Amino acid sequence: MVAIDRSTRLVDMDGGTVSREIFCNQEIYDQEQERVFGRSWLFVGHVSQIPKPGDFVVSRMGEESVIVTRDKQNRVQVLLNSCRHRGNVVCRYDQGNASIFTCSFHGWSYDSTGALAALPFHDGGYNEMDKKAWGLLAARVEVFQGSIWATWDHSAPSFIDYLGGAEIYLQTDLLGTDGSDAGAEVLDGVVKWRLGCNWKVPCPDVDRTHGWITHKSLADALGVGPTGMPVRRGPRGGPQAAQGRPRTFCVSFPEGHTMGVTVPSEDDRNWGDSPLWQDTPVVRDYLRHAYEERKKRLGKMASLSVGPAIFPNEGWLGRVIRIMHPQGPLATEIWTYFFVDRDAPVEVKDALRAYYEHWYGPGGMTQQDDMENWYNLTMASKGPVARKLPLNYQMRLGDPPIHGPSTFGLPGLFTPLYSDENHRAFYRRWAEYMEAESWDELRVREPVK
Amino acid sequence: MTEGTQTAGQADVLADQELRLRLEIEDFFYREADLLDDRKYDDWLDLFTEDARYWMPMRRNVSSEEMETENTSELHDMSWFDEGKATLIKRVQQIKTGVHWAEEPYSRVSHLVTNVRLLDVGPSEVRVKCRFIVYRNRMRDEESLFVGKRVDTLRRDGRSFRIARREIYLDQSVMLAKNFTIFF
């Protein structure tokens, strides 16, 4: 475990640098599987994927396969997909409905709580074996506005404490557009693809300065930004990027969560009036109405719409959750979940789906270029010479963050949008995980909420 | 001449017509592959009808008793691609900017089309199934291989065809390349 002692040197947040080793070193990777993925709360799915008892989807926690299912008592269970007998997978499918998971090797069978229900030759074959001790490993599970989170660490804080105040942001896109509780659902079909970069590369949010460079082809060819919104041109004809909207900030938490937040105002535009939907009347009219309902429920906070990156590997892009599953130091499997309002008319769901498919994911006109950069920066950083050069996270270093609760009545630490402070918060927290022996050391004493 | 031999003669004529049609369609597919691989994207777009649909579902591992859920369903579920001509045009515009980094410089791509079979021959449209192998090589040594099936609906247009509908069934569940910058 050499890497533990080195982690403070690997991440120098006072100097604003990060060693490239943490993006390519096998030893560090092995350690973060234990210390980061073994202890944090991880997003594994959404209740709309498993509406009935027995429904299941297979998901991942770190490198490992887990079964996310609903037991007979309607409780959500997250079970390690590895037979206690000889280790084989007990679920060979991505999704389905089953009351029993039977291993295809020797037939050990488990119910949807993970309990060992039956095994061939039990009578007479296993003297006095306590079946209760040989169930599938079950994770701790919490459901937040329909989203399902799990951790292997029973000493971890509750999920709400883990969020440390970020729950007001996490809920914004999990609510219905009309503000109703758990009003979102996942469209059928989790988008899964693999790319050659370390899992951390896409994680910290927001990286606003990359937008006009990485996604320049969208502005040049189509006159739109990375979300498909028309580009506002500045005085010299270029995109009006500069310092962004003055009410939009990078927001981070000591817990390692990072995001971009636009502080709500009374005169915020109705979401249905966005230029994105002006040629799609069915969406425009639906959103206009739903947004008025949202205002009744949430008041001034109605316009708050944030895709928070919850530490370690969850993030948002529009109304899309994307999870960066580690696949070795130089590879990541990204899974994305596309959300729509559960009760929206089918034409609205269709139009939003087509929008997502066009811009996001591996075929999306926006994300294709991100993947190109993430892959190439990985390949160009793993050599013995490049590896010794630190990466620069110094934008607005030494610019103290603004205390959100006392300044804006919103949780988190605020810095201007064009800043690396969110990246620094992410890597600072990552180093803490890598060094800490237990959750006692990781607990945040003074949450910013 | 007996009735039986008359039928056999007609069958021969029909078989000849189908053979000829299949050869015409194969030739159409080979020309299309050349347009893509020679990066003549605007000419490629011209092969599509104005109302064309270009759809590529995702594939999943499901029980053999639930094969109807293997592919995500059209219109309702997520897919890799669900495009019309207007959005295909936008993709081509993006590639041609010279700053679409995922295709700058251009990848080297070869489309191989094979196993061409006529599924349904109508007066104005023909449904055709085939296999594809698409090889992409880019930058110094990056390689991707896409293999799968295609079901095309071709609309007769004078002496040739235009593509009215393309269904693409990639033989992968987790997509193993970093992105789709190519057309199928």
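Within every chain, numbering begins at 1; the chains are lettered A, B, ... in the order of the sequence lines, protein sequences first and strands thereafter. Any value given below was found using the heavy atoms of this structure, including those in side chains, with hydrogens, waters and symmetry copies removed. Keep in mind that this is a model prediction, so the values were computed, not measured.
Proximity of the aromatic rings of A:Y355 and A:W277 is defined here by a centroid distance below 6.0 angstrom, and this criterion is met. For an aromatic pair to be called close, the ring centres must be under 6.0 Å apart, and B:F180 with B:W80 satisfies this.
Listed in order of number, the residues of residues 334-353 of chain A that approach chain B to under 4.5 Å between heavy atoms are A:F338, A:V346, A:D350, A:R353.
Looking only at heavy-atom pairs under 4.5 Å with chain A, the residue among B:R138, B:Q94, B:E103, B:M139 that has the most is B:Q94. Contact count versus chain A (heavy atoms, under 4.5 Å) is highest, among B:R140, B:M56, B:Q93, B:R91, for B:R91. Counting heavy-atom pairs closer than 4.5 Å to chain A, the top-ranked of the candidates B:T87, B:T97, B:D82, B:L75 is B:L75. When B:E104, B:K90, B:E83, B:K96 are compared by the number of non-hydrogen pairs under 4.5 Å with chain A, B:K90 comes out ahead.
Using modelled atom types and a 3.5 Å distance limit, the side chains of B:H100 and A:Q368 yield a donor-acceptor pair.
Within the 4.5 angstrom heavy-atom criterion, only side-chain atoms of A:E333, from C-beta onward, approach chain B. Contacts of B:S79 with chain A are made by both backbone and side-chain atoms, with heavy-atom separations under 4.5 Å. Heavy atoms of B:T72 lying under 4.5 Å from chain A belong exclusively to its side chain. Neither the backbone nor the side chain of B:Q172 comes within less than 4.5 Å of any heavy atom of chain A.
Applying the ring-ring contact (aromatic ring centres under 6.0 Å, His included) rule to B:H76 yields no partners; only residues at least two apart in sequence or on another chain are considered.
Salt bridge A:R70/A:D55: absent, no basic N to carboxylate O contact under 4.0 Å. Salt-bridge annotation for B:R31 and B:D27: present, with a side-chain N of the basic residue lying under 4.0 Å from a carboxylate O of the acidic one. Salt-bridge annotation for A:R60 and A:E64: absent, with no side-chain N of the basic residue lying under 4.0 Å from a carboxylate O of the acidic one. Between B:R60 and A:D188, at least one side-chain nitrogen of the basic residue sits less than 4.0 Å from a carboxylate oxygen of the acidic one, meeting the salt-bridge criterion. Looking at B:R155 and B:D51, a side-chain N of the basic residue comes within less than 4.0 Å of a carboxylate O on the acidic one, giving a salt bridge. Between B:E18 and B:R22 there is no salt bridge, since no side-chain nitrogen of the basic residue lies less than 4.0 Å from a carboxylate oxygen of the acidic one.
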